[in-house]
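Indexing begins at 1, ligand by ligand and atom by atom, following the structure's order. Just so you know, these numbers come straight off a predicted model, no measurement behind them. Note that the numbering runs from 1 along the sequence shown for the chain. When reading the values below, keep in mind they use all heavy atoms of this one structure, side chains included, and skip hydrogens, waters and symmetry mates.
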Amino acid sequence: MIPLKDSYKHKGLRKVLVKTLREKGIKDESVLEAIGRVPRHFFIQKYTAEKAYEDTALQIDAGQTISQPFTVAYQTELLNVRPGITVLEIGTGSGYQAAILAEMGAKVYTIERQEELYRKTSRFLAEMGYSSIQCFLGDGSIGLKTHAPFDRIIVTAGAPSVPQPLLKQLRKGGTLVIPVGDEKVQKMITVLKISEKEYEQIELDAFKFVPLIGESAW
Ligand code: SAM
């Protein structure tokens, strides 16, 4: 286990970040509380404390990124997380988003397609004691059939369209949150599953994600 420190300085920087997210429009107190509790600097150890708590995306390994805190908060707010629900996350990356969901009481299944990231992050999350997060290596654009259905699905990479396997693996009454667009810009989409054949789709703000690569993706 790496000797990691969460000092008063880190806690202070998180308070400032939470204030920034509130000012930018995040309202769900349970999301803001989780961001106030999870030490983001543990997930991106090559950066200074100040950098780790700026509201920006940062480079992690394998040419990938940890999403901007505002984006994490925005997607999490749309998921309407409640303790005990199951969430499938596509794109584990640093594990930070999964940790926020676990902190809110969700049982998290997270998939990463890059082996290097999968190995590093799954070991790290286990060391951190996140027993409600299960990591998987593979193409998340086709979901995780063995553990479906899920109450919520969150995709943290930009897709060309809504992958149909993910809709199938969503529980009735469940929500999928996914950025959809071209390589340059994507719109955040929420899809509510009303029945096996009926879905309600809402298009929201624009974001910029790394691409979702796979069978039902780019
Ligand atoms: N949620 C992450 C975090 O909290 O650090 C950030 C995710 S990063 C923006 C997007 C991730 O999606 C990358 O790690 C990338 O390798 C992964 N990815 C892209 N396509 C994927 C796929 N089909 N299945 C699983 N992971 C995928």
Ring-face cation contact, Tyr47 with Lys51, 6.0 Å cut, 45° max: no
Cation-pi check, Arg113 onto Tyr118 ring (under 6.0 Å, within 45° of axis): no
Which of the atoms in ligand 1, numbered in the order shown and given with their element, are less than 4.0 Å from a heavy-atom of [X]?
| X | value |
| --- | --- |
| Leu117 | 14 (O) |
| Gln97 | 1 (N), 4 (O) |
| Ser94 | 3 (C), 4 (O), 5 (O) |
| Gln114 | 16 (O) |
| Gly138 | 24 (N), 25 (C) |
| Tyr96 | 4 (O) |
| Thr65 | 6 (C), 7 (C), 8 (S), 9 (C) |
| Thr156 | 1 (N), 7 (C), 8 (S), 9 (C), 10 (C) |

Glu89 and Thr110: side chain donor to acceptor below 3.5 Å: yes
Test item: side-chain donor near acceptor, Tyr53 and His41, under 3.5 Å: yes
Option whose closest heavy atom lies nearest to atom 1 (N) of ligand 1, chosen from Glu89, Gln64, Gln68: Glu89
Heavy-atom nearest option to atom 2 (C) of ligand 1, drawn from Thr71, Thr92, Ile66: Thr92
Point-to-point distance, once rounded to the nearest 0.5 Å, from CG of Leu21 to CD of Glu77: 10.0 Å
N/O to N/O below 3.5 Å, does that happen between [X] and ligand 1?
| X | result |
| --- | --- |
| Ile90 | no |
| Ser67 | no |
| Leu212 | no |
| Gly140 | yes |

Contact with ligand 1 for Pro211, non-hydrogen, under 4.0 angstrom: yes
Residue-ligand contact Ser141/ligand 1, heavy atom below 4.0 Å: yes
Check against salt bridge (Lys or Arg N to Asp or Glu O under 4.0 Å), Lys187 and Asp205: CA-CA 6 Å; Lys187 285 279 179 75; Asp205 298 303; over 6 Å; no
Residues Glu116, Lys120: salt bridge by 4.0 Å N-O rule: no
Aromatic contact, Tyr130 with Phe124 (centres under 6.0 Å): no
Ligand 1 versus Asp139: contacting region, heavy-atom distance under 4.0 Å: both
Any donor-acceptor pair under 3.5 Å from Lys208 side chain to Glu183 backbone: yes
Parallel, tilted or perpendicular: ring planes of Phe207 versus Phe70, cut at 30 and 60 degrees: parallel
Closest approach of any protein heavy atom to atom 21 (C) of ligand 1, naming residue and atom: Arg113 CD, 3.3 Å
Distance from atom 12 (O) of ligand 1 to nearest protein heavy atom, with residue and atom: Gly91 CA, 3.2 Å
Non-hydrogen atoms of Arg14 and Ile35 that approach each other most closely: CD-O, 3.4 Å
